[in-house]
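Structure, as structure tokens:
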Amino acid sequence: MPTSRRVSLLAIMAIVAVSAAYAQKAVRKPQESFAAYWTSESGWDTELQMKNNLASGPLTVTPVLRLATSQEVALDTVTIPSNVSVSVWVNEQLLKHSAALLNQPGSYGSVVFRFTSFHSRNLYAAAVPSLHGGPIGFHINAYPTAGSEAWPHAALAGSREGIWWQPRPVENDLLILSNSSEKTLAGTLWLSDAAGKRWSERMSLGAHQTRRLDVHELVVAAGLSGQYGGIGFEIGANAGALDSVHLMYDETAKSSVSLPMFSRDPGAAPPARPGIDSKQWAPMLALRAPDPAIGLPAGTVLQPTILVRNTTAKPLSASIALTWRGDSGRGQVRLPQLELAPFATQQLEIGTMQKQLGIPDDAHWALVTLTAPALPNDLIAI
């Protein structure tokens with residue numbers, strides 16, 4: 001056989017083999033996505049948002065509420081056309097399926113979205129708890145449960161890491177820990193102050209259970225002082241089954257904030273963080289003069305703040321650059337190098353530093369680029 005024909009035949013065989021492999025993979029199978037928190041306690045309702053990401057074909061989804069104790073309540077099954085979003089309201093569904101839970105203390109837990117499809121990412125889902133008659137609400141994304149193709153390292157050790165921040169008294173400061181798996185998660189809850197002084201407590205989450213903790217009470221019990229520090233929950237196995245959210249709200253002030261939490265894999269390699277260079281963190285920060293597009297009242301002055309935390313037992317250094325933009329133009333400034341002791345947290349009050357940094361008063365936004373020679377989530381910031 002001529003060489004050219006032999007090469008062509010081999011190429012065709014390779015294409016057929018690859019196509020066959022993809023055909024084998026493109027099989028519908030049961031999937032689950034998991035959101036860490038819902039509530040139907042007095043004054044609250046939760047909207048379950050779902051979107052079918054398939055380019056063609058419907059997606060049939062059954063939302064299931066889990067109470068903190070792991071008891072399940074299946075809600076109405078929903079069929080969603082391709083590229084369409086729908087909402088389901090928990091209180092309406094509880095009237096049909098478990099009216100005794102409506103507006104009762106302890107009516108909270110996690111949500112599972114069950115469906116059959118090619119991939120766990122074919123569904124986007126979120127739980128949005130909100131307080132009636134005001135602006136208080138939280139958007140909690142759902143993620144594929146441990147064991148799916150989206151969590152290749154779900155059975156390994158890891159932790160959920162965050163920052164507690166109490167610049168002023170707040171009525172409610174809640175840490176929610178949820179277990180999406182059928183196995184008990186045994187771990188250690190850690191709190192630290194700004195200098196890195198640490199307190200710990202052993203804690204476990206039973207199968208499908210949720211724990212809701214008062215962060216202010218934890219800080220007091222830990223004997224920690226100051227206005228900010230670190231918070232984390234570390235487990236020795238099945239880290240992919242652990243999720244958490246940190247919610248603060250004040251009904252009197254009609255204010256609320258969700259403080260981000262991060263999954264840390266102590267064995268992760270730098271490429272494990274998606275997006276830009278894994279050693280960089282680059283969100284947008286609103287500066288002192290709010291953008292008119294936000295629609296805040298005239299004369300409003302913001303207090304932009306960055307909190308940076310070292311989640312490891314070794315010292316870390318980091319650099320921060322602010323790329324600002326405003327009515328008069330744009331520019332970039334660099335902050336002094338950060339040196340963080342083990343488990344320490346630093347607060348950078350950017351608002352009070354703006355004039356010193358040479359950022360003009362009419363600047364509305366800054367892109368914050370934090371760069372550190374560290375593994376993913378060894379250094380976290382909010």
Side-chain angles (χ1 to χ4, degrees), residues 135-139 161-173 192-196 215-216 219 224-231 246-250 252-262 280-310 316-341 344-372 379-382:
I136 294 175
F138 305 97
H139 189 100
E161 304 287 348
I163 294 173
W164 62 268
W165 183 49
Q166 298 175 347
R168 63 188 66 85
V170 176
E171 287 183 352
N172 300 277
D173 189 347
S192 59
D193 63 11
V215 176
H216 176 72
V219 171
L224 301 179
S225 59
Q227 297 182 339
Y228 56 90
I231 189 167
H246 185 181
L247 311 177
M248 296 171 62
Y249 65 95
D250 192 320
T252 302
K254 299 187 183 300
S255 64
S256 61
V257 63
S258 177
L259 297 180
M261 296 199 72
F262 307 84
Q280 290 186 335
W281 176 80
M284 293 294 288
L285 177 70
L287 298 174
R288 282 173 55 84
D291 192 322
I294 299 177
L296 294 175
T300 299
V301 177
L302 303 180
Q303 298 175 343
T305 302
I306 301 172
L307 292 150
V308 185
R309 178 184 162 220
N310 180 358
L316 289 177
S317 61
S319 61
I320 293 181
L322 302 179
T323 304
W324 57 266
R325 61 179 59 198
D327 298 337
S328 61
R330 64 182 64 186
Q332 187 181 80
V333 297
R334 290 190 175 276
L335 277 63
Q337 184 84 356
L338 292 181
E339 302 294 340
L340 291 104
T345 305
Q346 287 192 31
Q347 177 177 268
L348 304 173
E349 296 181 337
I350 302 301
T352 61
M353 300 167 61
Q354 273 189 224
K355 186 174 182 179
Q356 175 187 349
L357 293 169
I359 300 176
D361 292 338
D362 65 3
H364 303 308
W365 296 97
L367 177 70
V368 183
T369 305
L370 184 151
T371 306
L379 198 68
I380 63 173
I382 63 174

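Computed over heavy atoms, backbone and side chain alike; hydrogens, waters and symmetry mates excluded. Throughout, residue positions are numbered sequentially from 1 according to the sequence presented.
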Is the backbone of Ile231 close enough, under 3.5 Å, to the side chain of Arg309 for a donor and an acceptor to pair up by distance?
yes
Hey, does the side chain of Asp362 reach the backbone of Ser328 with a donor-acceptor pair shorter than 3.5 angstrom?
yes
In terms of heavy-atom contacts, does NE2 of His364 have more than 12 from other residues, nucleotides or ligands at under 6.0 Å?
yes
If you draw a 6.0 Å radius around CG in Asp361, do more than 12 non-hydrogen atoms from other residues or ligands fall strictly inside?
no
Could you check whether any side-chain N or O of Trp365 sits under 3.5 Å from a backbone N or O of Thr323, counting only pairs where one atom can act as donor and the other as acceptor?
no
Between Gln346 (side chain only) and Leu338 (backbone N and O only), is there a donor and an acceptor less than 3.5 Å apart?
no
Tell me if a side-chain donor or acceptor on Ser192 pairs with a main-chain N or O of Gly230 at a distance below 3.5 Å.
yes
Atom CD of Glu161 and atom CG of Leu379: how far apart are they, to the nearest 0.5 Å?
11.5 Å
State, to 0.1 Å, how close Glu349 and Thr352 come at their nearest heavy-atom pair, and which atoms those are.
O-OG1, 2.9 Å
Rounded distance [0.5 Å steps], CD1 in Ile136 versus CG in Asp250:
7.0 Å
Between Asp193 and Ser225, is there a donor-acceptor pair closer than 3.5 Å when you use the side chain of the first and the backbone of the second?
no
Is it the case that over 12 heavy atoms from other parts of the model lie below 6.0 angstrom from the CD atom of Gln303?
no
Applying the side-chain hydrogen bond (donor to acceptor under 3.5 Å, both in side chains) test to Trp165, which of Gln347, His246, Gln227 qualifies?
Gln347
